[in-house]
Every structure is written in C-alpha cells, then in structure tokens.
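Values below: every heavy atom of this structure, side chains too, minus hydrogens, waters and symmetry copies. Positions are given from 1 along the sequence.
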Amino acid sequence: MNQPRINPYQKQMNQQFKAKTDKGPKADQLQISDQAKEMQETQGVHPARSEHVEAIKEQVDTGNYTINPEQVAEKMLNFGKQ
C-alpha cells in the first residue's frame, strides 16, 4: 500500500522497445553448401537440352509455339499423384 504506482510490466515493455530499436534492418542472406557449389561447377547444361530450350524460345518469339492441353493436363494429374 505504501508503494508508489509501479507498472510491473514496464521493465518488460522497455526491454522489448529497446530490442526493437537496437536492431537495424537485417539483410537477406543466402548460404550455399560446398557440395552445392561443386555440383554447380561440374554439372553444365547438356548441349541437347540447350538446343531444345533455344528452339522453344524461338517458337515463342515468332508466335509459333503451340501448347497441347491434353499433355499439360496429364502432367498436372501425374504431378498431383506424387
């Protein structure tokens, strides 16, 4: 009864406020394992795959690329079954 008015949560609130203001903005970080780096260096794109991708890009650019809706649907269903 003789204690002055003290908010028992004030200390906790001050600590939270201080923690928020002390921290600067964190930058995103990316860490790649040594094994992943080695895989990136040793495994290049297969030439046949590269040619196929370039052919598709050319078809898209010229407007001649067609999509087979049955094949797309089949692959979507197969993906959903996995």
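Atoms CD1 and CE, from Ile32 and Met39 in turn, are 12.0 Å apart once rounded to the nearest 0.5 Å.
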What pairs of donor and acceptor atoms, side-chain ones from residues 55-64 against any protein atom, are under 3.5 angstrom apart with sequence neighbours left out?
from, atom 1, to, atom 2, distance (Å)
Thr62, OG1, Glu58, O, 3.1
Thr62, OG1, Gln59, O, 3.2
Thr62, OG1, Asn64, ND2, 3.1

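Chaining together hydrophobic side chains whose heavy atoms lie under 4.5 Å apart leaves Leu77 on its own.
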